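As the structure is a computational prediction, the values presented were derived from the model and not from experiment.
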Amino acid sequence: MRRRIPSITAMLCFEAAAKTEGFARAAEEMNVTQSAISRQIQTLEAFVGQSLFIRSKQRVKLTAAGKTLLAELSPLLEELELTILKTRSHDSAEGSLNIGVYPTLGSRWFMPIIMGPEADKIRHVLNLVTYLKNSEIDPSLVDLAIAQDDEGWQGYRADKLMAETLVAVGAPDQFPIPVEDPHALLDHRILQHSTRPLSWQIWFRHQDLKLPRKIIGPIFSQFEMLIDATKAGHGIAIIPDILIKKELHQGSLVKVHPFEANTSSAYFLLTPETKIGVARIERMRTWFLENMRPCDPAVTG
């Protein structure tokens, strides 16, 4: 079906004239004659059935209809330009890549890897896109994404990076020695993460224990804040050990109980299905799978 839209040339000429407030300046910008600009705009006005400019000898000003069209049209032209640029570089082995990651995982695990000794082999500019929960991952924005869950990943190719281990931690001055009875931990203030409301239940279940009551305590939306609050002695928390290897190694956090829950959940490298086979994405995926390993805290300091 034929679309009822004017020519791209007419729309580009209109935008140039509207922003420069002159047909002559628009002609210079578009590298065409002033009469060509005038003809294109007349064609556009005839198409929409509206006068788009108030014409004077030296300058032109937008009519109300022209202002409305400009406000709606410019973002669409920018999006079209971006789409064409993406298409031109679709199967290019070079170029930038958008990598999605959680903020705390990005700063504590991902960044040391891509800034490490093997990073000079990365032949791309990496733009980091962050999100707090999996529902915020936008396959149109990311070329690759790192995410945690134990469910299927519809719309993505998923490569397992590593399993997740949950540990119960607190401040060392409050817990000079670990607590023996897991239930005794519930006498302390419990700190929680908003996207992990079942962490304590999972930790207890992996010990074949039942959580005796609902967990109540302060809730944080980012692990970085949860970790800082725990280090400051404001309570205890269940945290994936990959995020706190440095703190556990240095002693600014300690395990309040020795049990580690090796859960069925894991971290995955996701590739949107629509981007599978793109050369630069496939090469970056291979690099990630070869180099993404939990950092040694003794090395990363």
Side-chain angles (χ1 to χ4, degrees), residues 1-100 124-125 127-131 134-145 153-157 270-285:
M1 183 180 70
R2 182 178 179 181
R3 297 190 181 277
R4 300 183 61 186
I5 59 174
S7 72
I8 293 295
T9 301
M11 291 187 284
L12 291 174
C13 288
F14 163 75
E15 183 187 42
K19 291 183 175 181
T20 60
E21 295 187 334
F23 288 179
R25 292 174 61 188
E28 293 178 6
E29 184 175 299
M30 296 290 295
N31 196 28
V32 297
T33 64
Q34 183 174 339
S35 61
I37 293 286
S38 181
R39 286 195 302 272
Q40 289 293 337
I41 291 174
Q42 287 175 3
T43 300
L44 182 60
E45 288 177 324
F47 189 92
V48 299
Q50 300 282 342
S51 294
L52 301 175
F53 290 98
I54 300 172
R55 293 159 171 82
S56 62
K57 291 183 178 180
Q58 300 298 327
R59 300 178 67 182
V60 294
K61 289 187 176 296
L62 288 169
T63 62
K67 291 178 181 178
T68 299
L69 179 60
L70 180 65
E72 297 286 345
L73 182 61
S74 285
L76 295 177
L77 291 174
E78 290 176 2
E79 185 174 348
L80 177 61
E81 182 179 26
L82 180 59
T83 299
I84 296 301
L85 289 173
K86 286 182 177 179
T87 303
R88 289 178 62 183
S89 62
H90 179 76
D91 204 27
S92 172
E94 306 300 329
S96 63
L97 289 168
N98 293 335
I99 310 298
H124 307 281
V125 175
N127 305 312
L128 298 191
V129 178
T130 60
Y131 37 78
N134 293 342
S135 61
E136 296 176 356
I137 303 175
D138 187 342
S140 68
L141 293 180
V142 299
D143 298 311
L144 294 166
W153 297 97
Q154 186 174 359
Y156 297 92
R157 175 182 59 193
L270 307 180
T271 309
E273 287 183 350
T274 56
K275 299 179 180 180
I276 292 175
V278 177
R280 67 183 186 283
I281 295 176
E282 294 298 333
R283 187 169 67 187
M284 195 74 250
R285 167 180 173 257

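For the atom pair CG (Asp143) and CE (Met284), the distance works out to 11.0 Å, reported to the nearest 0.5 Å. Atom CD1 of Ile281 sits about 9.0 Å away from atom CG of Asn98, to the nearest 0.5 Å. In this structure, CG in Leu144 is found 9.0 Å from CZ in Arg285, a value given to the nearest 0.5 Å. A distance of 11.0 Å separates CG in Leu141 from OH in Tyr131, rounded to the nearest 0.5 Å. To the nearest 0.5 Å, atoms CG (Leu62) and CZ (Phe53) are separated by 5.0 Å. Separation of atoms CD1 (Ile37) and CD (Glu29) is listed at 8.5 Å; rounding is to 0.5 Å.
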(request) Decide side-chain contact (heavy atoms from CB on, under 4.5 Å) for Ile8 and Leu80; before the verdict, give the C-alpha distance in whole Å, the side-chain angles of both, and the deciding distance to 0.1 Å. (result) CA-CA 10 Å; Ile8 293 295; Leu80 177 61; 3.8 Å; yes
(message) Applying side-chain contact (heavy atoms from CB on, under 4.5 Å) to Gln50 and Thr63, what does each step give before you reach the verdict?
(response) CA-CA 9 Å; Gln50 300 282 342; Thr63 62; over 6 Å; no
(request) Decide side-chain contact (heavy atoms from CB on, under 4.5 Å) for Gln40 and Ser7; before the verdict, give the C-alpha distance in whole Å, the side-chain angles of both, and the deciding distance to 0.1 Å. (result) CA-CA 9 Å; Gln40 289 293 337; Ser7 72; 3.8 Å; yes
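When each of Thr271, Ile137, Asn127, Ile99 is tested with Val142 by the rule side-chain contact (heavy atoms from CB on, under 4.5 Å), just one qualifies, namely Ile137.
The shortest distance between side-chain heavy atoms of Val32 and Arg39 does not fall below 4.5 Å.
Of the possible donor and acceptor atoms, one in the side chain of Lys275 sits under 3.5 Å from a partner among the backbone N and O of Pro139. For the pair Ser38 (side chain) and Gln34 (backbone), a donor-acceptor distance under 3.5 Å is absent. Of the possible polar contacts, one joining the Glu282 side chain to the Gly277 backbone as a donor-acceptor pair under 3.5 Å is found.
By the 6.0 Å contact criterion, CZ on Arg157 is enclosed, its count of non-hydrogen atoms from other residues, nucleotides or ligands being greater than 12.
For the pair Thr20 and Arg25, the tightest heavy-atom approach, listed with the atom from each and the gap, is O-NH1, 3.2 Å. Nearest heavy atom pair, residue Ser51 against residue Ala65, reads O-CB, 4.1 Å. Of all non-hydrogen atoms in Leu44 and Pro6, the two that sit nearest each other are CD1-CG, 3.5 Å. Taking both residues in full, the closest heavy atoms of Ala16 and Ala26 are given as C-CB, 3.8 Å, listed atom of the first, atom of the second, then distance.
For Ser35 and Thr33, the side-chain atoms include at least one donor-acceptor pair closer than 3.5 Å.
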